[in-house]
> 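Here it is: the structure, laid out below.
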Amino acid sequence: MTAPIPLIAGNWKMNGLAAALGEARAVAAGLGSAAARVALCPPATLLERMSSALSGTAVLTGGQDCHAEASGAFTGDVSAEMLADAGAALVILGHSERRAGHGETDAIVAAKVRAALRGGLEPIICVGETLEERKAGWALAVVTGQVRGSLPAELAGKDFAVAYEPVWAIGSGLTPSLAEIEEMHTAIRAALLELFGDEGAARPILYGGSVKPANAAEILKVKDVGGALVGGASLKAADFLGIVGAL
Ligand code: 13P
C-alpha cells in the first residue's frame, strides 16, 4: 500500500483581511518543488479571493468548517457546496475550537464529513485530547474514540486526512514529546486500519499544535506523521514556508 502523500495545511482561523492575501501569494511564489501538498484555509470571507489569487499555483485552499446541509435556513452558516464554489479543495472539520466553542460532537462532525464528501471536498478531520484528559491517562482512548465517532464509513475510497491536535498544544507554544506524538499517531493509524482496511495506511495523519519552523523537522520525521496543520505560523509566508521546507 502506497505511503500517504504528506499534507501541510495552514489554518488561518479568524485572521486575515484582504491585505493578508499577499502572504498567500508569497507562499505560492516561494514554494519551489515542495515534497508535500500544501494548502491554506483562510476565513470564508477570503476564500474566493485567495482561491483566485492562487489558481494555477500548487497551493490549494480550504474552508475551516461547513454545515451538514447543502443549503437552507441556517443563518450565518456556510455549506460544503459553497466552499467548493468559492474554490476550496479541502475543509477542516471538528477542530477543537469548534468542538469546544460550538458544541460539535463526534456525530455532528461525522455529518459534516458526509457533507464535505457530498460537496466534493477533502476533509481534514481534527481530533485531540484536553490537558485534563492527558493527565488522567485517557488521551489514547479519547482520541481513538473521536476517530471512530467522527469518521463515517462513507470515507472508504475517498481522500481525507486526520489531524491530531492536542487541545493544550494549540497556540500555547507547548508540544507533546516526540514519543507521545508517535504513540498517538500509531494508535490513530491502527484505528484507521481497523475502520478502512489497507486503505487506512494511505491516509495522512497530520500533527497540529504549536508547529513552527524550529520544531517542524523533528516532528515531521516521527513515524506516521504525514504532515502538519499549522495555526499561528501559517499567517506569515516565511514561517509557513519554513515548515513546508522542513519536510
Ligand atoms: P497553532 O499552530 O497556532 O498552535 O494552532 C494549531 C491549530 O489549531 C491548527 O488548526
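Whatever order the structure lists ligands and atoms in, that order sets their numbers, starting from 1.
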> Taking the side chain as everything from C-beta on, heavy atoms only, tell me whether L229 gets closer than 4.5 Å to C126.
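In contact.
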> Examine E97 against ligand 1 and note whether any of their N/O atoms are separated by less than 3.5 Å.
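Checking ligand 1 against E97, no N or O pair falls under 3.5 Å apart.
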> Return the orientation label for the F196 and F160 ring planes: parallel under 30°, perpendicular over 60°, tilted otherwise.
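Because their plane-to-plane angle lies in the 30° to 60° range, the rings of F196 and F160 count as tilted.
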> At under 4.0 Å between heavy atoms, which part of N11 makes contact with ligand 1: side chain, backbone, both or neither?
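Side chain only.
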> Among all protein non-hydrogen atoms, which one is nearest to atom 4 (O) of ligand 1, and what is the separation to 0.1 Å?
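For atom 4 (O) of ligand 1, the nearest protein heavy atom comes out as G171 N, 2.6 Å.
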> Yes or no: does K212 have any heavy atom under 4.0 Å from an atom of ligand 1?
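Checking ligand 1 against K212, which is what was asked, there is no heavy-atom contact under 4.0 Å.
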> Charged N to carboxylate O under 4.0 angstrom, R99 versus E104?
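Salt bridge flag = no for E104 with R99.
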> Does ligand 1 come near enough to G231 that some N or O of the ligand is less than 3.5 Å from an N or O of the residue?
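Yes: some nitrogen or oxygen of G231 is under 3.5 Å from one in ligand 1.
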> Let me see the working for K112 and D65 under salt bridge (Lys or Arg N to Asp or Glu O under 4.0 Å), right down to the final yes or no.
CA-CA 8 Å; K112 292 181 173 202; D65 175 47; 2.8 Å; yes
> Distance under 4.0 Å to a non-hydrogen atom of G232: what atoms of ligand 1 satisfy this?
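Selected atoms, number and element: 1 (P), 2 (O), 3 (O).
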> Any nitrogen or oxygen of S172, side chain or backbone, less than 3.5 Å from one on ligand 1?
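No.
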> Go through ligand 1 atom by atom and flag the ones less than 4.0 Å from a non-hydrogen atom of E165.
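Counting atoms of ligand 1 from 1, those under 4.0 Å from E165 are 6 (C), 7 (C), 8 (O), 9 (C), 10 (O).
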> In ligand 1, which numbered atoms sit nearer than 4.0 Å to a non-hydrogen atom of G209?
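In order of number, 4 (O), 6 (C).
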> I need the atoms of ligand 1 closer than 4.0 Å to a non-hydrogen atom of L229, numbered in the order shown.
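Ligand 1 atoms under the 4.0 Å threshold to L229: 9 (C), 10 (O).
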> Heavy-atom contacts with H95 under 4.0 Å: which atoms of ligand 1 show up? List them by number with element.
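That gives atoms 7 (C), 8 (O), 9 (C), 10 (O) of ligand 1.
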> Return yes when atom CG of L247 has more than 12 non-hydrogen atoms of other residues, nucleotides or ligands closer than 6.0 Å, and no otherwise.
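Check passes, neighbour count above 12.
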> Does NZ in K236 sit with more than 12 non-hydrogen atoms of other residues, nucleotides or ligands closer than 6.0 Å?
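Not more than 12 within 6.0 Å, no.
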> For S210, is the nearest heavy atom under 4.0 Å from an atom of ligand 1?
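Judged by the 4.0 Å heavy-atom criterion, S210 does count as contacting ligand 1.
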> Regarding S79 and S71, is there a side-chain donor-to-acceptor distance under 3.5 Å anywhere?
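Their side chains do not contain a donor-acceptor pair, so the 3.5 Å distance test is not met.
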> Got L235 and E23 here, is their nearest side-chain heavy-atom distance under 4.5 Å?
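Heavy-atom side-chain distance check fails, nothing below 4.5 Å.
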